[in-house]
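Just below is one structure, and these are the notes that go with it.
Every heavy atom of this structure was used, including side-chain atoms; hydrogens, water molecules and symmetry mates were not. Predicted model, so just to flag it, every value in this text is computed and none were measured. Proteins come first, then strands; the chains are lettered A, B, ... in the order of their sequence lines, and each starts at number 1.
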Amino acid sequence: MCSHYNLKAKTKDIENKFNARYETPEDDELEIIANGYTHLRMPVICNDTPHQIKRYHWGLIPTWTKDTTQARELANMCLNAKIETIEEKPSFRESAQHKRCIIPATSFYEWKWLDSKGKNKEKYEIKLQNNQIFAFAGLWSNWTNKNTGDTIYTFTIVTTQANELMAEIHNTKKRMPVILTSEETSLWLNHTTEFEHFTEIAQKKELTAISLEPQNNLLF
DNA sequence: CCAGACGTTGTT
DNA sequence: GTCTGG
DNA sequence: CCAGACGTTGTT
DNA sequence: GTCTGG
């Protein structure tokens with residue numbers, strides 16, 4: 001499961017890459033290692049405002065969520081969404097139809113299990129081969145807390161079957177996020193391409209996996 | 001029927 | 001809101 | 001990972 | 001003690 005990723009880039013480069021502008025001012029250079037379970041607000045570009053970069057919480061909260069307790073549970077569950085079933089799942093289908101987004105990133109993390117118990121794991125950081133900024137395919141949602149009237153904006157990262165390299169690393173479940181180049185993001189946002197096609201797109205990505213030193217804890 | 005889930009995968 | 005397991 | 005279950009049947 | 005759901 002893709003539950004940690006990194007966005008390390010100059011804000012100007014992110015803006016230029018995706019032809020979009022930050023909604024609110026940012027530092028010149030970002031380096032954010034996002035841990036899904038902390039539900040950080042991360043930069044996203046949504047289908048309804050494709051030239052704006054907004055910050056949404058990672059961990060999708062469906063519109064029908066009843067209260068904050070349930071919201072917390074769902075946000076923890078909905079860090080990822082399988083592309084094969086997003087049209088069916090109650091948590092995702094509304095978003096799959098109307099609420100798509102892309103999530104700028106420069107790398108993500110995965111562990112290779114070296115034994116069946118997961119006692120020994122090898123950490124990897126995965127990037128595009130040319131080390132370019134890329135984007136995950138994602139879904140967004142807006143949830144209004146009936147008690148406070150506050151609306152929380154959230155997103156999830158869409159996953160698909162692993163390609164050859166990722167299956168080597170994510171050797172238990174063999175999944176990986178749907179990775180898009182800046183040229184491919186409009187295919188996802190504009191809703192014009194079949195879901196199966198994104199699996200093909202993801203399979204073809206040239207990725208580089210860097211084995212991380214055991215002592216590198218990346219603040220996790 | 002109706003309370004409880006609603007998700008992915010092994011918290012990388 | 002809608003589905004589903006018990 | 002680690003708290004919590006560890007069972008079967010299928011509501012009356 | 002060991003499995004497993006979250």
Side-chain angles (χ1 to χ4, degrees), chain A residues 1-8 31-40 42 57-99 103 105-127 136-146 151-152 154-162 165-179 195 199 202 207-220:
Chain A
M1 141 174 188
C2 180
S3 64
H4 294 74
Y5 74 90
N6 192 5
L7 176 60
K8 179 177 163 58
E31 179 169 11
I32 315 169
I33 297 176
N35 171 346
Y37 293 93
T38 62
H39 307 297
L40 277 185
M42 294 296 288
H57 294 275
W58 186 7
L60 187 143
I61 302 172
T63 54
W64 42 258
T65 301
K66 303 244 178 350
D67 54 36
T68 50
T69 303
Q70 193 183 34
R72 214 172 294 121
E73 288 173 5
L74 286 162
N76 279 327
M77 287 194 241
C78 301
L79 299 177
N80 294 153
K82 292 179 75 168
I83 196 165
E84 296 92 330
T85 53
I86 47 177
E87 287 179 293
E88 304 153 22
K89 297 289 181 184
S91 297
F92 300 132
R93 61 187 162 204
E94 184 188 335
S95 296
Q97 290 204 41
H98 312 295
K99 299 174 183 175
I103 302 115
T106 49
S107 68
F108 60 100
Y109 301 92
E110 202 77 45
W111 278 1
K112 180 172 184 171
W113 282 42
L114 302 177
D115 60 68
S116 61
K117 295 249 164 73
K119 295 285 179 200
N120 298 298
K121 302 195 205 70
E122 198 172 358
K123 294 179 181 181
Y124 287 90
E125 180 175 15
I126 298 110
K127 303 181 177 190
F136 298 119
L139 303 175
W140 63 273
S141 181
N142 52 314
W143 172 63
T144 301
N145 182 334
K146 292 256 172 23
T151 297
I152 297 178
T154 57
F155 73 90
T156 186
I157 292 175
V158 172
T159 65
T160 187
Q161 65 191 78
L165 173 69
M166 287 310 300
E168 283 280 315
I169 297 171
H170 199 339
N171 53 349
T172 51
K173 295 302 171 183
K174 303 193 185 215
R175 304 286 302 173
M176 68 177 189
V178 173
I179 296 163
F195 287 126
T199 297
L207 301 173
T208 307
I210 305 145
S211 179
L212 300 175
E213 295 305 314
Q215 65 268 27
N216 184 346
N217 285 318
L218 294 161
L219 312 174
F220 296 162

TODO: To the nearest Å, give me how far apart OH (Tyr109(A)) and P (dT8(B)) are.
DONE: 24 Å
Open item on the list: Taking any heavy-atom pair under 4.0 Å as a contact, classify Thr159(A): base, sugar-phosphate, or nothing.
Closed with: sugar-phosphate
- [ ] Could you state the atom-to-atom distance from OH of Tyr37(A) to P of dT8(B) in whole Å?
- [x] 12 Å
Task: Atom P, compared across dG4(B) and dT9(D): separation rounded to whole Å - done: 23 Å
Task: Interface residues of residues 81-91 of chain A with DNA chain B (non-hydrogen, below 4.0 angstrom) - done: Ala81(A), Lys82(A), Thr85(A), Lys89(A), Pro90(A), Ser91(A)
TODO: List the atom of Ser107(A), the atom of Glu125(A), and the distance in Å for their closest heavy-atom pair.
DONE: OG-OE2, 2.6 Å
Task: Whole angstrom value for the distance that separates C1' of dT9(B) from CG of Asn76(A) - done: 14 Å
Open item on the list: Looking only at the side chain of Arg93(A) (C-beta and beyond, no hydrogens), which of the listed nucleotides dC3(C), dT11(B), dT9(B) gets closest?
Closed with: dC3(C)
Task: Heavy-atom side-chain proximity of Asn142(A) to Lys99(A) below 4.5 angstrom - done: yes
Task: Side chain of Cys78(A) - closest among dG7(B), dT12(B), dC6(B) - done: dG7(B)
Open item on the list: Tell me the interatomic distance from Leu139(A), atom CG, to dT8(B), atom P, rounded to whole angstroms.
Closed with: 11 Å
- [ ] Answer with base, sugar-phosphate or nothing: what part of the nucleic acid does Lys66(A) contact at a heavy-atom distance below 4.0 Å?
- [x] base
TODO: Check the pair Lys127(A), Thr106(A) against side chain to side chain contact (heavy atoms under 4.5 Å, CB included), reporting the backbone distance first and the verdict last.
DONE: CA-CA 6 Å; Lys127(A) 303 181 177 190; Thr106(A) 49; over 6 Å; no
Task: Counter-base of dG6(E), judged by Watson-Crick or G-U geometry with both distances under 3.5 Å - done: dC1(D)
TODO: Report the residues that fulfil ring pair (Phe, Tyr, Trp, His ring centres under 6.0 Å) with Tyr5(A), sequence neighbours left out, ordered by chain and then residue number.
DONE: Trp58(A), Phe136(A)
TODO: Indicate, with a heavy-atom threshold strictly under 4.0 Å, whether Phe108(A) touches base, sugar-phosphate, or nothing.
DONE: nothing
Open item on the list: Between dT11(B) and dG1(E), how far apart are the two C1' atoms, rounded to whole Å?
Closed with: 24 Å
Task: First of Met77(A) and Ser3(A) reached from the 5' end of DNA chain B, by closest nucleotide - done: Met77(A)
TODO: Mind calculating the distance between CH2 (Trp58(A)) and C1' (dT8(B)) to the nearest angstrom?
DONE: 12 Å
Open item on the list: Between dT2(E) and dT12(B), how far apart are the two C1' atoms, rounded to whole Å?
Closed with: 26 Å
Open item on the list: What's the gap between dG7(D) and dG5(C) when it is taken at their C1' atoms, as a whole Å value?
Closed with: 16 Å
Open item on the list: I need the CG-C1' distance between Asp67(A) and dA5(B), as an integer number of Å.
Closed with: 13 Å
Open item on the list: Which residue is it: Asn80(A), Val178(A), Leu79(A)? I am looking for the one with a side-chain contact (heavy atoms from CB on, under 4.5 Å) to Thr159(A).
Closed with: Asn80(A)
- [ ] Could you tell me whether Glu122(A) atom CD has more than 12 heavy atoms of other residues or ligands within 6.0 Å of it?
- [x] yes
Task: Thr156(A) side-chain N/O to Cys78(A) backbone N/O, donor-acceptor pair under 3.5 Å - done: yes
Review item, side-chain donor-acceptor pairs of residues 67-74 of chain A, under 3.5 Å, at least two apart:
{"residue": "Asp67(A)", "atom": "OD1", "partner": "Thr69(A)", "partner atom": "N", "Å": "3.2"}
{"residue": "Asp67(A)", "atom": "OD1", "partner": "Gln70(A)", "partner atom": "N", "Å": "2.8"}
{"residue": "Gln70(A)", "atom": "OE1", "partner": "Lys66(A)", "partner atom": "N", "Å": "2.6"}

TODO: Consider the side chain of Asn35(A), meaning its heavy atoms from C-beta on, and name the nucleotide among dG1(C), dT11(B), dT12(B) that approaches it most closely.
DONE: dT11(B)
Open item on the list: Taking dA5(D) as the reference, what is the distance to dT8(B) when you measure between their P atoms (whole Å, please)?
Closed with: 25 Å
Task: Touch class at under 4.0 angstrom, heavy-atom based, for Gln70(A) against every strand present - done: base
Task: Atom-pair distance (NE2 on His39(A); P on dT8(B)), nearest Å - done: 16 Å
Task: Leu74(A) CG - dT8(B) P separation (whole Å) - done: 12 Å
